[in-house]
Chemist: 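Before anything else, here's the structure in question.
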Amino acid sequence: MRAARVACWVVVFLIAGVTAGAVLLDALSSRSTGPASLSFVFPLAIAMSTGVGVVVATRRRDNPIGWLLLANGFVLALNGLAANYATYGILERPGSLPGAAWAVLFDQSGWPTLFAAFAAIAFVFPDGRLPSPRWRPIALAAMVSFTVFLLLSFLRPGSFKEPFEAVSTPLPRLPEVIFFPPFTIGALGMLASLVAAALAVRTRLRRASGVERSQIKLFAYAAALVPAAVAAGWVEGLLGSGSETVTVIGLVLVVLAIPLAIGAAVLRYRLYEVDRLINRTLVYVALSALLAVTYAAVSLSLGVALGAGSTLPTAAATLAVALAFGALRSRVQMLVDRRFSRARYEGLRRVERYLVELRAGRAAPEATGEVLAEALGDPSLELFFWLPESDEHVDSSGRPARLAPDSQRDLTPVRRGSLRLGAVLHGRALSERPDLLESVIDAAGLAIEIARLRAEVARRLAEVEQSRARIVTAGYEERRRLERDLHDGAQQRLVSIGLALRHVQGQLPAPSRAAGELDAAVAELSKAIEELRELARGVRPARLDDGLGAALRELASRSALRTRVEATEERFEDRLETAAYFVASEALANAAKHAQASQVTVTAARQNGSLLVCIRDDGIGGARPAEGSGLGGMTDRVAALGGSLSVDSPLGQGTVVTVELPCES
Amino acid sequence: MRVVIAEDQALLREGLRRLFEDAGHDVVGAVEDAGRLRSAVVEHEPDLAVVDVRMPPSFTDEGIRAARWIRDDHPDVGVLVLSQHVESAGAVGLVSQGGFGYLLKDRVLNVAEFLEAAERVARGGSALDPQVVASLVGGEPDALAALTDREREVLSLMAEGLTNNAIARRLVLTERTVEGHVRSVLTKLNLPASEDSHRRVLAVIAYLEAADHAR
């Protein structure tokens, strides 16, 4: 660990020393080894390669890529030093520096070293290992051919190239017959290694997925800048303006981008943004090119038409570009998506179709989650909405949901502007495509917001329904309590008093006046108890404790009408039995009071998961459950329990009251 | 007659005790819950246990369960269950086994009839509250269509557990007239004629119950 760190810093100091020497010699020299405007690129390239190399080498010690970057920095510095040393020692002040001939030799023959580090990086990118064991002989052949070519270059026959043609080499020169065959093989081998390095990257990209794919994409993206920069410099040279600005910018970009891309890829820094980076670059490059063509075409054609010197073509061309920008931008984006980001393109198209259907009322906002799952190609995707009031997440029908990311799925929050809308639970694969996820969710923002509002309404409605059911249930509970109180409290007390009176009466001589009055009092008491019992029955018949069937039979036995009961002995939830009982009680009372019926049939049974109670009379019909009437009030209570009550009463054909109360089991 | 009383309300319990004692009976135990009732029954082997239906701890049907236990474990002890209202249908089933009574609590205010019923149960007879009988008979328009009003009256009193003699006194008829009505009722309902009033009650109740459930 420590040794690696020390080694790293030793290399850095070495590079710094060599670079300083090169820069110093360049400053002392009146001749430059390249164009003056490029002199800063050389130290910049060294600094970038070395800097990124240090970061990678210290953070990923077992990955050789950091060390290869450091080696690249060193080789760059060494080549620079050799060139400047030779220039100064041979041309500026001949004989002033020892071993200048060696510097010339390295300057003229050492250039293959400049490719070696990058070729090696390409072979082992991004994990520091060869793509497969089968690549081992290829890598070995590459190393051998590089070494052979480099060594043979030092022994090359013939004199040095300009401006060092007068210098003689410190090494022996091989005869051409011996030199050329191995040199040619070495050169071809080296070329083949460079191709193999590119193939290694390609092979990996084909096999890679997820993180590795993004790493390679980032590397390839930076590498693609090289031909782009070369082409840009070439175009600039062709135009012959004498300016080198584009060339310099291109070179600087390459020098910055390649080490940075390698470093970011190996360290996995913001790796997931590579797709967006590539996408944006493609869009802006294509857009710039199109606008440039537009500008050139307009200004050229108008220039020809109006003659030189007019400012109109420029103005018109600017206007044309300004007008074209907006229209072109989205088209180019679509085109790039379609060609290079198929998933994103398809996803956005799906969301767009859905939004059109939503506006036309052909699709429901509740389907937003499914549309997202479809658009993102992830059937496991689920959309949840956040309710700020209760600080919880619910599904599209307003049911509370627990959001639990696991080994299969990740959670991504959904926002629209500053508004928190909810969250998406999605497969791990999508986590590696945040650009896709974000753009599709963004596009569906309106639909998600509508769906969230609907879910919130559904949630509130469910809460209201629940509380209504609770109120009705509590009412029934209260009736039961009241009934108990009447029976166990007041009634018992009255019986006790009666017993006490009887006791007193027993102590009086039988045919006395007081005894007679006590008799009358006890009789009154008995009547009071009887009335109390009737009252309690009205509050809640105790027979309900034995089930709906028992209670209905008791009800029937007290009815003034001939009443048949066909009831199941099955038990239901207390509140359902109570509600059904009171409906039947009300319907029987109506039948007796208004229907002029002679016979009533009461049926109670479970049907399709509901308690179904039916009260049918043979009366005159024409009953209408008015607001505020007994049955009207019952309708509300039945609805509160999730059931329904209907009154079918055609004139002259009797009345059928049906109550349906859904039961869970 | 040796009596055990199980009633959780102290005032009523004392009232009942005095009621029995005033009538010259021996109240050997007055307890407030089903557990103590069982101990008292085991200890005293009384002629009669008067049992409240709702007792601690749950105030639902402790009395009925205790009554069932006495029926099974001490068949010689008569059980008179007192209820605040006509409730568990199970009680009616128990009555048809004899030595069992089921009355509304306020029947105690009609002292003479109450004591008569209590003594009947203690002797192994039956007592079923008139209101229970009314609900059994009242809801039987079809089954009892063949009976005259007087016969239906007699049937109800039979169901309450009354003997011919008691029915005669209640209806202010001669015993012979009552006997005639009884024979007629049993014939019309196709029930076996029996001089044993207890068996007769069973048959009548069983008949009414069966009709009740067929509804």
Side-chain angles (χ1 to χ4, degrees), chain A residues 483-484 486-507 519 521-530 532-534 536-537 541-547 549-567 569 599 601-602, chain B residues 7-24 52-56 59-61 64 82-92 103-112 114-115 131-142 145 208-209 211-215:
Chain A
E483 176 250 328
R484 282 276 163 104
L486 287 174
H487 279 142
D488 295 346
Q491 194 188 329
Q492 300 245 59
R493 199 160 287 264
L494 290 181
V495 173
S496 304
I497 293 167
L499 275 180
L501 292 179
R502 284 295 189 212
H503 178 68
V504 172
Q505 191 187 21
Q507 287 161 356
D519 238 358
V522 171
E524 275 302 302
L525 213 51
S526 292
K527 239 181 237 159
I529 292 169
E530 187 57 41
L532 203 60
R533 195 156 43 224
E534 283 304 313
R537 196 200 322 280
R543 262 293 166 105
L544 270 175
D545 289 344
D546 296 331
L552 287 178
R553 277 194 293 277
E554 193 212 22
L555 181 68
S557 74
R558 324 181 131 264
S559 171
L561 300 169
R562 282 163 59 88
T563 307
R564 285 167 47 77
V565 177
E566 290 162 19
E569 290 306 310
Q599 186 159 1
T601 310
V602 180
Chain B
E7 160 65 59
D8 60 297
Q9 288 199 354
L11 215 55
L12 202 53
R13 189 167 62 239
E14 287 316 302
L16 285 169
R17 176 206 286 274
R18 278 201 310 217
L19 178 77
F20 279 105
E21 284 174 352
D22 288 351
D52 184 16
V53 172
R54 290 182 186 177
M55 279 189 293
F59 292 97
T60 52
D61 62 345
I64 299 283
L82 296 184
S83 171
Q84 276 90 323
H85 52 79
V86 177
E87 50 190 333
S88 179
V92 180
L103 294 177
L104 287 177
K105 228 171 227 181
D106 44 314
R107 301 295 172 210
V108 300
L109 299 184
N110 197 336
V111 178
F114 175 73
L115 286 175
Q131 201 168 335
V132 179
V133 174
S135 81
L136 285 175
V137 174
E140 294 311 313
D142 300 338
L208 292 174
E209 265 216 299
D212 191 50
H213 275 281
R215 232 186 331 184

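Bear in mind that the values here come from a model prediction, so they are computed numbers and not experimental data. Labels below follow one simple rule: chain letters A, B, ... track the order of the sequence lines, proteins then strands, and each chain is numbered from 1. Note: hydrogens, waters and symmetry copies are ignored here, and every other heavy atom, side chains too, is used.
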Chemist: For the candidates A/R493, A/R537, A/R484, A/R558, which exhibits the highest count of non-hydrogen atom pairs separated by less than 4.5 Å from chain B?
Modeler: A/R484
Chemist: Shorter than 4.5 Å, heavy atoms on both sides: which option in A/L525, A/D488, A/I529 has the most such pairs with chain B?
Modeler: A/D488
Chemist: Tell me, side chain or backbone of A/Q491 under 4.5 Å from chain B's heavy atoms, or both, or neither?
Modeler: side chain
Chemist: Under 3.5 Å, side-chain donor or acceptor atoms of residues 499-507 of chain A against the rest of the protein: list the pairs with distances, not counting sequence neighbours.
Modeler:
unit_1: A/R502; atom_1: NE; unit_2: B/L109; atom_2: O; d: 2.4
unit_1: A/R502; atom_1: NH1; unit_2: A/Q505; atom_2: OE1; d: 2.9
unit_1: A/R502; atom_1: NH1; unit_2: A/D519; atom_2: OD1; d: 2.6
unit_1: A/R502; atom_1: NH2; unit_2: B/L109; atom_2: O; d: 2.8
unit_1: A/H503; atom_1: ND1; unit_2: B/D22; atom_2: OD2; d: 2.6
unit_1: A/H503; atom_1: NE2; unit_2: A/Q507; atom_2: NE2; d: 3.0
unit_1: A/Q505; atom_1: NE2; unit_2: A/A515; atom_2: O; d: 3.1
unit_1: A/Q505; atom_1: NE2; unit_2: A/D519; atom_2: OD1; d: 3.2

Chemist: State the CZ-CG distance between A/R543 and A/L552, to the nearest 0.5 angstrom.
Modeler: 11.5 Å
Chemist: Would you list the atom pairs, donor with acceptor, under 3.5 Å between side chains in residues 11-19 of chain B and any protein atom, with sequence neighbours excluded?
Modeler:
unit_1: B/R13; atom_1: NH1; unit_2: B/E7; atom_2: O; d: 2.7
unit_1: B/E14; atom_1: OE1; unit_2: B/R17; atom_2: NE; d: 3.1

Chemist: For a 4.5 angstrom cut-off between non-hydrogen side-chain atoms, does A/R533 reach B/D106?
Modeler: yes
